[in-house]
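Structure, as structure tokens:
Everything numeric here is computed off the predicted structure, so don't read it as measured data.
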Amino acid sequence: MSKDLLFEIGLEEVPARFLRAAMDQLQDKLVKWLEASRIAHGEVTAYATPRRLAVMVQQVAVKQEDVSEEVKGPSRKIALDENGGWSKAALGFARSQGVDPETFTFKELGGVEYIYVTKNSVGVETKSILSEGLLGILTSMTFPKNMRWGAHEFKFVRPIKWLVALLGDEIVDLEITGVKAGNITRGHRFLGGEAVVGEASAYREVLRAQHVIVDVNERQEMIVSQIQLLLKNKIGTSPLRTICWRKYCSW
């Protein structure tokens with residue numbers, strides 16, 4: 001079973017030159033955390049506008065993967081005392097791994113027998129560790145310039161105004177600098193308003209209805225397309241004009 005994950009950081013207006021790197025950094029940190037936490041997931045997409053950084057992860061597993069790990073200990077010669085019992089070294093290894101010495105097995109490696117123990121770790125629910133994970137990602141982000149605001153010691157690229165953290169339709173319990181995560185985002189400063197994101201997967205369309213194109217590449221394509229249309233209407237379509245445009249004005 002899986003759910004989509006949405007994490008949006010709402011901000012005071014961020015300089016345009018910072019946006020791409022900040023968006024990529026947020027995505028990279030979240031992907032690395034998911035992998036380190038043994039949480040399977042699907043496609044990851046980062047978004048940004050001057051007033052937000054966001055990342056959407058599709059098909060996030062609702063539970064960590066179980067893991068079985070084999071750990072090598074001391075050699076047989078060191079692990080057994082003169083009476084054939086477990087030595088202090090073997091008993092210390094057992095304590096360090098949290099296992100009973102009776103679970104030890106011997107395996108040969110390079111002509112020498114070593115004791116091995118198999119450790120099984122049962123995965124926990126994703127939502128139980130997501131709050132700590134997202135907070136750690138947020139606080140570890142770095143920028144060319146940072147700000148402090150109010151009485152807070154925390155620094156960020158710009159003051160945080162709102163947070164959206166959703167696993168499916170469940171709000172992730174998360175708070176920083178007095179801002180608590182919820183499911184309410186903010187649209188265009190003048191044309192839109194506050195809007196509820198009922199499901200993480202609805203994020204893009206919720207903001208589109210609030211006059212925000214949150215996908216950086218989509219915005220760029222729209223701008224280029226509109227410029228090309230204006231140029232076409234202004235320059236016309238005669239062969240000579242088309243050649244001149246392509247020769248001197250293309251990008």
### Message
His152 vs Arg148, test: side-chain contact (heavy atoms from CB on, under 4.5 Å). Steps then yes/no.
### Response
CA-CA 7 Å; His152 307 294; Arg148 282 174 49 188; over 6 Å; no

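The distance from atom CZ of Arg158 to atom CG of Asn146, rounded to the nearest 0.5 Å, is 9.5 Å. Once rounded to the nearest 0.5 Å, the distance linking OG of Ser131 with CD of Glu175 reads 10.0 Å. The structure places CG of Asp169 at 12.5 Å from CG of Leu6, a figure rounded to the nearest 0.5 Å. For the atom pair Lys161 NZ and Arg51 CZ, the distance stands at 10.0 Å (nearest 0.5 Å). Note that CG of Leu91 and OG of Ser96 are 11.0 Å apart. Values are rounded to the nearest 0.5 Å. Rounding to the nearest 0.5 Å gives a distance of 10.5 Å between NZ of Lys234 and CG of Leu231.
The backbone N or O of Glu221 sits nowhere less than 3.5 Å from a side-chain atom of Ser225 that would complete a donor-acceptor pair. A donor-acceptor pair is defined here as one N or O able to donate and one able to accept, closer than 3.5 Å; no such pair exists between the side chain of Glu43 and the backbone of Gln58. A donor-acceptor pair under 3.5 Å is formed between the side chain of Arg38 and the backbone N or O of Glu65. Here the side chain of Ser37 pairs no donor or acceptor atom with the backbone of Leu34 at under 3.5 angstrom. Of the possible donor and acceptor atoms, none in the side chain of Asp4 sits under 3.5 Å from a partner among the backbone N and O of Gly168.
With sequence neighbours excluded, no residue satisfies side-chain hydrogen bond (donor to acceptor under 3.5 Å, both in side chains) with Lys127. Leu230 pairs by the side chain to side chain contact (heavy atoms under 4.5 Å, CB included) definition with nothing, not counting sequence neighbours. Residues passing the side-chain hydrogen bond (donor to acceptor under 3.5 Å, both in side chains) test with Lys180 are Asp173, sequence neighbours excluded. When the side chain to side chain contact (heavy atoms under 4.5 Å, CB included) test is applied to Val71, the partners found at least two apart in sequence or on another chain are Glu69, Phe93, Gln97, Val117, Lys119. Under the rule for a ring pair (Phe, Tyr, Trp, His ring centres under 6.0 Å), Phe7 has no partner lying at least two apart in sequence or in another chain. Judged as a side chain to side chain contact (heavy atoms under 4.5 Å, CB included), and not counting sequence neighbours, the contacts of Lys29 are Gln25, Ile137, Ser140, Met141. Considering only residues two or more places apart in sequence or on other chains, Val216 meets the side chain to side chain contact (heavy atoms under 4.5 Å, CB included) condition with Arg20, Met23, Ala48, Arg219. For Phe143, the ring pair (Phe, Tyr, Trp, His ring centres under 6.0 Å) partners at least two apart in sequence or on another chain are Phe156. Qualifying ring pair (Phe, Tyr, Trp, His ring centres under 6.0 Å) partners for Phe106, counting only residues two or more places apart in sequence or in other chains: none.
One hydrophobic cluster, built from ILVMFWY side chains closer than 4.5 Å, holds both Val57 and Leu174. Ile171 and Ile160 fall into different hydrophobic clusters, where Ile, Leu, Val, Met, Phe, Trp and Tyr are joined by side-chain heavy atoms under 4.5 Å apart, directly or via other members. One hydrophobic cluster, built from ILVMFWY side chains closer than 4.5 Å, cannot hold both Ile223 and Leu19; they sit in different ones. Hydrophobic clustering, with ILVMFWY side chains joined whenever heavy atoms are under 4.5 angstrom apart, groups Trp149 together with Leu53. Trp33 and Met56 fall into different hydrophobic clusters, where Ile, Leu, Val, Met, Phe, Trp and Tyr residues are linked whenever their side-chain heavy atoms come under 4.5 Å apart, directly or through other members.
Within the 4.5 Å cutoff, no side-chain heavy atoms of Leu30 are placed close to those of Val44. Looking at Leu134 and Leu163, their side chains never come closer than 4.5 Å, going by heavy atoms from C-beta outward. Side-chain atoms of Ile129 and Ile39, non-hydrogen and from C-beta on, do get closer than 4.5 Å to each other. Side-chain contact between Lys3 and Thr126: absent, with no pair of heavy atoms (C-beta onward) separated by less than 4.5 Å. For the pair Trp162 and Glu8, the minimum side-chain heavy-atom distance is below 4.5 Å. Considering only heavy atoms from C-beta on, Asp66 stays 4.5 Å or farther from Asn120 through its side chain.
The shortest non-hydrogen separation linking Ala90 to Ala79 is CB-O, 3.4 Å. When all heavy atoms of Phe104 and Ala94 are compared, the closest pair comes out as CZ-CB, 3.6 Å. Scanning both residues, Ala46 and Gln27, for their nearest heavy atoms gives CB-OE1, 3.2 Å. Summarising the geometry of Val206 relative to Thr185, their closest heavy-atom pair is CG1-CG2, 4.2 Å, with the distance given to 0.1 Å. Between Val172 and Ala181 the shortest heavy-atom distance is O-CB, 3.7 Å.
In the hydrophobic clustering, Leu109 connects to Val112, Tyr114, Tyr116, either directly or through intervening members, whenever side-chain heavy atoms lie under 4.5 Å apart.
Remark: Glu35 does not engage Lys32 in a salt bridge, criterion side-chain N to carboxylate O under 4.0 Å.
Atom CD of Glu218 sits in a crowded spot, with more than 12 heavy atoms from other residues, nucleotides or ligands closer than 6.0 Å.
The side-chain hydrogen bond (donor to acceptor under 3.5 Å, both in side chains) contacts involving residues 76-93 comprise Arg76-Glu113, where partners must be two or more places apart or lie in separate chains.
Under the 30°/60° scheme for interplanar angles, the aromatic rings of Tyr47 and Tyr203 are found to be tilted.
Partner Asp215 forms a salt bridge (Lys or Arg N to Asp or Glu O under 4.0 Å) with one of Arg208, Arg52, Arg204 and no other, that one being Arg204.
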Output a table of donor-acceptor pairs, distance under 3.5 Å, between side-chain atoms of residues 186-200 and any protein atom two or more places apart or on a different chain; print 'none' if there are none.
residue: His188; atom: ND1; partner: Phe190; partner atom: N; Å: 3.0
residue: His188; atom: ND1; partner: Leu191; partner atom: N; Å: 3.1
residue: Arg189; atom: NH2; partner: Glu13; partner atom: OE1; Å: 3.4

